[in-house]
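In what follows, a structure is listed as structure tokens, so that the remarks can point back to it.
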There are 2 protein chains.
Amino acid sequence: METWLAQPDLDEIDVGTVLSALADPTRLQIVRLLDVLGESTCTALDLPVKVSTVSHHVNILRHGGLVSTRLDGNARPSRLRREELERRFPGLLTSVLSATPPRTT
Amino acid sequence: METWLAQPDLDEIDVGTVLSALADPTRLQIVRLLDVLGESTCTALDLPVKVSTVSHHVNILRHGGLVSTRLDGNARPSRLRREELERRFPGLLTSVLSATPPRTT
DNA sequence: CGGTAGTTACGACGTTCATCGTAATAGAAG
DNA sequence: CTTCTATTACGATGAACGTCGTAACTACCG
């Protein structure tokens with residue numbers, strides 16, 4: 001039986017909290033990476049910040065309802081709650097993840 | 001001939017900037033009000049912050065590409081760039097504006 | 001020409017928050 | 001048990017930012 005860290009139910013998720021969570025560049029990058037990797041730990045994510053900072057951001061993402069974290073030995077891989085989020089806020093995450101970069105003039 | 005304040009082109013709009021703009025509660029409220037009202041000035045928006053603060057937020061929204069501001073005498077009514085945003089980030093704004101509030105347990 | 005109203009520019013203040021370093025915890029492997 | 005790895009907890013720090021008050025600016029109206 002798998003164990004998971006506490007996370008909000010779908011209908012408890014607030015759109016403002018989600019927007020705040022996605023507003024930080026590092027967290028947006030984490031979300032993008034998790035979308036591609038499917039699942040990853042804080043250490044495995046290659047980010048230009050310290051691991052303690054990554055852990056901090058993943059916590060915010062989990063409390064905001066964007067990420068699920070599983071307990072696997074001493075590791076805690078996280079996944080993007082993509083399908084759930086899509087049900088709660090249709091089009092939001094999909095739009096963010098498929099957004100093209102701005103024109104760099 | 002109508003005059004408008006400077007604003008970014010559609011393909012210059014960055015999704016991260018848009019998310020940051022929407023992350024603030026006051027700005028999200030402004031966006032919601034403009035969506036309902038269609039067009040409004042800083043003074044006409046009834047918000048629990050000073051007008052100078054509202055003006056500040058509207059500027060951020062305009063620079064982020066979320067709002068267009070027209071010059072009309074000494075007034076400067078702003079509109080939500082809803083259709084344009086929908087073309088740039090399909091589903092994003094619609095999802096945010098139609099989001100149901102979280103369950104308050 | 002004054003007077004009024006709408007908006008913004010400018011500083012200033014206080015809080016939030018992203019980041020870090022270190023220490024503590026927990027599981028896995030030897 | 002010891003060691004190593006993964007993660008988190010805990011301050012601390014510095015920067016970003018939301019808010020305000022005031023002043024400056026512009027347009028409209030007597």
Examine the base of D/dT7 for any acceptor or donor lying under 3.5 Å from a partner atom in the side chain of A/Asn74, and report the outcome as yes or no.
no
Does OP1 or OP2 of [N] have a side-chain N or O of [X] closer than 4.0 Å?
X       : N      : value
B/His57 : D/dT19 : yes
A/His56 : D/dT8  : no
A/Ser55 : D/dT8  : yes
A/Thr43 : D/dT5  : no
B/Arg27 : D/dG18 : yes
A/Ser52 : C/dG21 : no
A/Thr53 : C/dC20 : yes

Starting from [atom2] on [N], measure out to [atom1] on [X] and report it in whole angstrom.
X       : N      : atom1 : atom2 : value
A/Arg76 : D/dA9  : CZ    : P     : 8 Å
A/Leu61 : C/dA18 : CG    : C1'   : 13 Å
A/Arg62 : D/dT7  : CZ    : P     : 12 Å
B/Leu71 : D/dC25 : CG    : P     : 17 Å
A/Leu45 : D/dA6  : CG    : P     : 13 Å
A/Lys50 : C/dC17 : NZ    : P     : 24 Å
A/Asp46 : D/dA6  : CG    : P     : 13 Å
A/Asp72 : C/dA26 : CG    : C1'   : 13 Å

Where do A/Leu92 and B/Ser95 come nearest, in terms of heavy atoms and distance?
CB-OG, 3.5 Å
Closest non-hydrogen atom pair, A/Gly91 against A/Glu86
N-OE2, 2.6 Å
Measure from the side-chain heavy atoms of [X] and tell me the nearest of [options].
X       : options               : value
A/Ile60 : D/dT7, D/dG18, C/dA18 : C/dA18
A/Leu5  : C/dT7, D/dT8, C/dT19  : D/dT8
A/Thr41 : D/dG18, D/dT7, D/dC20 : D/dT7
A/Val51 : D/dT7, C/dT7, D/dT19  : D/dT7

OG1 on A/Thr41 to CG on A/Asn74, rounded to 0.5 Å
10.0 Å
Calculate, to the nearest 0.5 Å, the distance between atoms CZ and CH2 belonging to A/Arg62 and A/Trp4 respectively.
11.5 Å
4.5 Å side-chain heavy-atom contact, A/Arg76 and A/Val58
no
Go nucleotide by nucleotide along DNA chain C from the 5' end; which of A/Gly73 and B/Cys42 gets its closest nucleotide reached first?
B/Cys42
Non-neighbouring partners of B/Asp11 that pass side-chain hydrogen bond (donor to acceptor under 3.5 Å, both in side chains), sequence neighbours left out:
A/Arg103
